[in-house]
Amino acid sequence: MRAFFLPFIQDALHKAGIETDKEIQIDKPNDKKFGDFSTNIAFLLAKEARKNPRELATQLIALFAFPEGTVTKTEVAGPGFINFHLDPAFFMRSAQEVLTQGEKFGCTDSGKGQKAIVEYVSANPTGPLTIGRGRGGVLGDCIANLLETQGYEVTREYYFNDAGRQMQILAESVRFRYLEKCGQAIEFPTTHYQGDYIGEIAETLFIEHGDELASTEELAIFKESAEAVIFSSIRRTLERLSITHDSFFNEHTLYQSREGEPSPNRQVIDALDAKGFIGNYDGATWFMTTKLGQEKDKVLIKSSGDPSYRLPDIAYHVTKFERGFDLMVNVFGADHIDEYPDVLEALKILGYDASKVKIAINQFVTTTVGGQTVKMSTRKGNADLLDDLIDDVGADATRLFFIMRGKDSHLNFDVELAKKQSKDNPVFYLQYAHARICSLMRLAEKEVGFDEALASGESLPLLDSEPEIDLASSLLDFPDVIQSCLRLLEPQKMVEYLHTVAERYHKFYQECPILKADENIRTARLELSLTVRQVLRNGFRILGISAPESM
RNA sequence: GUGCCCGUAGCUCAAUGGAUAGAGCAUCAGCCUUCUAAGCUGAGGGUUACAGGUUCGAGUCCUGUCGGGCAUACCA
């Protein structure tokens, strides 16, 4: 609907001789007496037009040239708002679009021809996925879905490292547990991975090999089997949540030179050096961030000769630019918050357009069981597992709860609420609306021979009651909501929006008889129901939750 | 100490610098001989942590204070 107003507003500004590159805001007032839509351009442009806002607004409303049957009234209100009142029939005619466009409703081609990469999860294979990781995973998946609706060619990538120090510790952890199985008395180090899964991997090795590995100092087999088991467990968990990746990028490849070229890591060092941002002291190689006003330089290559994580991080992002992505979204948890400014600074120094990189940081998750808060912790054996949560509340609830709060807010995951089968539980509330429509359609086909495949939406303009207009009006917001989610990298807006749609449908259903109405109205109300179902489906698809036909 | 996030109804959370700060839960009062009551309607509930500032207008932006979280490694 916002797209409808823009050209008319621009046209009026043009006639008034006002040129501006300021963004034109079109709002939905929360009070109906202020119309269906409003704009504040008179405030924004008053200064350059050398008029007071009310005066400018009055001038502008005389210049709007809306077609017949769309805007019925335009008025100046308060200190200078311009309010638009729409013809109810216009909502209904517009709602036909939803049926015509079907699953394309809400899509645009604004990202067509552009390549986007969304990086998410990116957990190293040192243990099963924790609940905290799940939030970022769902967030990333939804952002990727959103980008796809705009025509971007999206790559979903998982960045991992199976070669570093943590993997070494993992291998040693498995070996210690294995030696225990072999009957040796081991004092298991507190620095190592405590989780039960270590013992299970060791058990498998013991069953397969007996104690023949006990004498070897070689860690490779412990590492490889641990990695294989853990990675497949991670992927299985993600699959349960419909989180997928197109590409798994191994950090280790950044250490390797190929075709006579230095390794990507080396190239980053050399390029930064050429720009004068590399220092060598204390036996290490430093990224001289002090030159950028930071308090300390950052180590890129440790005195041991190994790169610190920052160097491959930078090199990794360079590969994203080299691979030709126009938009790069990184999703990670708040514990990595210190990591990205250095990466962005380095990219800028190397001459890349860092504004193409967007960061979505999600805050942590706590779970509440019976009113008791349990804080999640990582790198300890007691971290709560994502798999257990999915077992407990199901995939749909897990996904929806992860994104129904703003990513910047700490998430309080109420496990008991997620299991509840009533309107208190937002998952059920949304899905019930969909199932209710499906049930209605089955009945309509049986009792009055309604064929939904033939529904064109042509009868919709017959509807004019308040619940019907409100419903149609909210359906038309869907494309705007997608844009808003993308601008903020925040799928939460979609959850709230769908809740409103479901709420208005339930109200309509309560107040307007459908199958009992006269034939014309009946058809129109069935068509409206189909329209709602389409929007719910399109929204569910972005959020990655299922659309049950009956409950 | 420093950096980032958060502080809004009893609880969980909304509100691209816009008009009287909104939902849901919980509480209270109503609606099923009628298409799914897994639903709907209504009521009460607020000094937006605190103090200043910026402007036509501040929950939102700036400064400071208080409280909570995360990070402050030659770990990732």
Side-chain angles (χ1 to χ4, degrees), chain A residues 23 25 27 29-31 33-34 38 40 43-44 46-47 52-54 77-81 83 122-124 126 160-161 164-167 169 251 282-286 294-296 298-310 312-313 333-339 341 361-364 366 368 371 375 378-379 404-412 414 417 420-426 428-429 431-433 435-440 442-444 447-448 483-484 487-488 492-493 496 499-500 502-503 505-517 522 525-526 529 550-551:
Chain A
E23 196 193 340
Q25 276 182 40
D27 299 309
N30 40 26
D31 191 326
K33 78 179 178 208
F34 298 128
S38 73
N40 64 349
F43 295 110
L44 298 179
K47 201 166 275 178
N52 74 49
R54 254 198 99 89
F81 293 99
N83 296 336
S122 294
N124 286 339
T126 55
F160 73 102
N161 181 13
R165 171 101 187 105
Q166 296 303 319
M167 290 302 287
I169 294 173
E251 177 187 325
D282 293 348
T285 302
W286 302 77
Q294 293 192 26
E295 283 186 17
K296 280 188 289 187
K298 302 291 168 54
V299 170
L300 293 181
I301 298 177
K302 298 182 264 184
S303 51
S304 68
D306 297 322
S308 81
Y309 66 94
R310 276 175 223 274
D313 261 4
D335 53 338
H336 285 237
I337 199 139
D338 264 13
E339 180 174 323
I361 294 170
N362 62 279
Q363 294 295 321
F364 287 131
T366 53
T368 311
K375 197 174 155 292
T378 50
R379 296 191 198 186
M404 73 181 194
R405 302 294 178 228
K407 62 182 187 303
D408 289 332
S409 295
H410 294 242
L411 175 65
N412 202 322
D414 185 334
L417 176 62
K420 237 177 184 175
Q421 311 232 331
S422 73
K423 68 165 289 197
D424 317 355
N425 181 345
F428 278 81
Y429 188 77
Q431 292 183 328
Y432 177 59
R436 198 174 217 187
I437 295 169
C438 291
S439 164
L440 178 69
R442 287 190 294 268
L443 207 59
E447 298 202 348
V448 301
Q483 298 304 324
S484 170
R487 192 178 60 247
L488 304 168
Q492 185 222 14
K493 310 281 167 213
E496 290 193 337
H499 193 275
T500 304
E503 189 173 49
Y505 185 73
H506 289 311
K507 187 179 172 68
F508 155 76
Y509 186 94
Q510 194 80 19
E511 296 190 9
C512 304
I514 300 170
L515 296 179
K516 292 183 177 60
R522 182 179 69 213
R525 287 184 176 155
L526 285 168
S529 299
S550 63
M551 292 171 72

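To find a chain, count down the sequence lines: A is the first, B the second, and so on, and within it residues start at 1.
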Check: How is Asp313(A) classified with respect to the nucleic acid when contacts are heavy atoms under 4.0 Å: base, sugar-phosphate, or nothing?
Finding: nothing
Next item on the list: Give Phe364(A) one of three labels, base, sugar-phosphate or nothing, depending on what nucleic acid heavy atoms sit under 4.0 Å from its own.
Entry: sugar-phosphate
Checklist line | Nearest-angstrom distance, P atom, C56(B) to U48(B) | finding: 23 Å
Next item on the list: Describe the nucleic acid contact of Asn362(A) in one word from base, sugar-phosphate, nothing, applying a heavy-atom distance below 4.0 Å.
Entry: nothing
Next item on the list: Using the aromatic ring of Phe34(A) (for Trp, its six-membered ring), decide whether it stacks on the base of A19(B) within the limits of 5.5 Å and 30°.
Entry: yes
Next item on the list: Please report, rounded to the nearest Å, how far the P atom of G3(B) is from the CD1 atom of Ile337(A).
Entry: 14 Å
Checklist line | A73(B) OP1/OP2 closer than 4.0 Å to side-chain N/O of Lys296(A) | finding: yes
Margin query: By the 4.0 Å heavy-atom rule, please label Ser38(A) as base, sugar-phosphate, or nothing.
Written below: base
Notebook entry, point to check: Under 4.0 Å between a side-chain N/O of Lys298(A) and OP1 or OP2 of C74(B), yes or no?
Noted result: no
Checklist line | Residue Asp408(A), side-chain heavy atoms: nucleotide from C6(B), C40(B), A76(B) that is nearest | finding: C6(B)
Item checked: Candidate nucleotides C35(B), G18(B), G24(B), ranked by approach to the side chain of Leu440(A) - the nearest -> C35(B)
Next item on the list: Please work out whether C32(B) sits syn or anti, treating a glycosidic angle within 90° of 0 as syn.
Entry: syn
Note to self: Roughly how many Å apart are A38(B) and C32(B), using the P atom of each and rounding to a whole number?
What the structure shows: 15 Å
Check: In whole Å, what separates the C1' atom of C31(B) from that of A49(B)?
Finding: 41 Å
Check: Nearest of C74(B), A38(B), C40(B) to any side-chain atom of Met551(A)?
Finding: A38(B)
Check: So what does Cys512(A) hit on the nucleic acid, given a heavy-atom distance under 4.0 Å: a base, only sugar-phosphate, or nothing?
Finding: base
Check: With rounding to whole Å, what would you report as the distance between A73(B) and C61(B) at their P atoms?
Finding: 29 Å
Next item on the list: Please figure out whether Asn30(A) or Lys507(A) has its closest RNA chain B nucleotide nearer the 5' end.
Entry: Asn30(A)
Check: Which part of the nucleic acid, if any, lies within contact of Ser308(A), taking any heavy atom under 4.0 Å across all strands shown: a base, the sugar-phosphate backbone alone, or nothing?
Finding: sugar-phosphate
Note to self: From CG of Asp338(A) over to C1' of C4(B), roughly how many Å is that when rounded to an integer?
What the structure shows: 8 Å
Margin query: Taking any heavy-atom pair under 4.0 Å as a contact, classify Asn52(A): base, sugar-phosphate, or nothing.
Written below: nothing
Notebook entry, point to check: Between Lys47(A) (NZ) and U55(B) (P), how many Å, whole number?
Noted result: 9 Å
Margin query: Under 4.0 Å, counting only non-hydrogen atoms across every strand here, what does Ser484(A) touch: a base, just sugar-phosphate, or nothing?
Written below: nothing
Notebook entry, point to check: Using a cut-off of 4.0 Å on non-hydrogen atoms, how would the nucleic acid contact of Asn124(A) be classed: base, sugar-phosphate, or nothing?
Noted result: sugar-phosphate
Next item on the list: Please report, rounded to the nearest Å, how far the C1' atom of C40(B) is from the CD1 atom of Ile514(A).
Entry: 14 Å
Notebook entry, point to check: Which part of the nucleic acid does Glu251(A) contact within heavy-atom distance under 4.0 Å: base, sugar-phosphate only, or nothing?
Noted result: sugar-phosphate
Next item on the list: Pick base, sugar-phosphate or nothing for Glu503(A), based on heavy-atom distances below 4.0 Å to the nucleic acid.
Entry: sugar-phosphate
Next item on the list: Can you establish whether the number of heavy atoms outside Arg442(A) located under 6.0 Å from its atom CZ is more than 12?
Entry: yes
Notebook entry, point to check: Using the P atom in both, what is the distance from G42(B) to G24(B), to the nearest Å?
Noted result: 10 Å
Notebook entry, point to check: What distance, rounded to whole Å, do you find between the two C1' atoms, one in A19(B) and one in G53(B)?
Noted result: 24 Å
Item checked: Atom-pair distance (CD on Glu511(A); P on C35(B)), nearest Å -> 17 Å
Checklist line | Atom pair distance, as rounded to whole Å: CZ in Arg525(A) and C1' in C35(B) | finding: 12 Å
Margin query: Can you measure Gln510(A) atom CD to A38(B) atom C1' for me and round it to whole angstrom units?
Written below: 13 Å
Item checked: Separation between the P atoms of U60(B) and C6(B), rounded to whole Å -> 12 Å
Checklist line | Gap between atoms CG and P, on Asp335(A) and C4(B) respectively (whole Å) | finding: 18 Å
Item checked: U41(B) OP1/OP2 closer than 4.0 Å to side-chain N/O of Tyr509(A) -> no
Notebook entry, point to check: In which ranges does RNA chain B form stems of 3 or more consecutive Watson-Crick or G-U pairs, distances under 3.5 Å?
Noted result: B:1-7 with B:66-72, B:10-13 with B:22-25, B:27-31 with B:39-43, B:49-53 with B:61-65
Distances for protein N/O vs nucleotides 8-15 of chain B N/O pairs under 3.5 angstrom?
residue, atom, partner, partner atom, Å
U12(B), O2', Arg405(A), NE, 3.4
U12(B), O2', Arg405(A), NH2, 2.9
C13(B), OP1, His410(A), O, 3.0
C13(B), OP1, Asn412(A), N, 3.3
C13(B), O2', Arg405(A), NH1, 3.2
A14(B), OP1, Gly406(A), N, 2.8
A14(B), OP1, Ser409(A), OG, 3.1
A14(B), O5', Gln492(A), NE2, 3.2
A14(B), O2', Glu496(A), OE1, 2.8
A14(B), O2', Glu496(A), OE2, 2.9
A15(B), OP1, Lys493(A), NZ, 2.1

Margin query: So does Tyr509(A) get a backbone contact from the side chain of Arg525(A), meaning a donor-acceptor N/O pair under 3.5 Å?
Written below: no
Item checked: Touch class at under 4.0 angstrom, heavy-atom based, for Ala435(A) against every strand present -> base
Margin query: Are G57(B) and Phe43(A) stacked, with the base six-membered ring and the side-chain ring centres under 5.5 Å apart and planes under 30°?
Written below: no
Margin query: On RNA chain B, compare the nucleotides closest to Lys33(A) and Lys302(A); which residue's is nearer the 5' end?
Written below: Lys33(A)
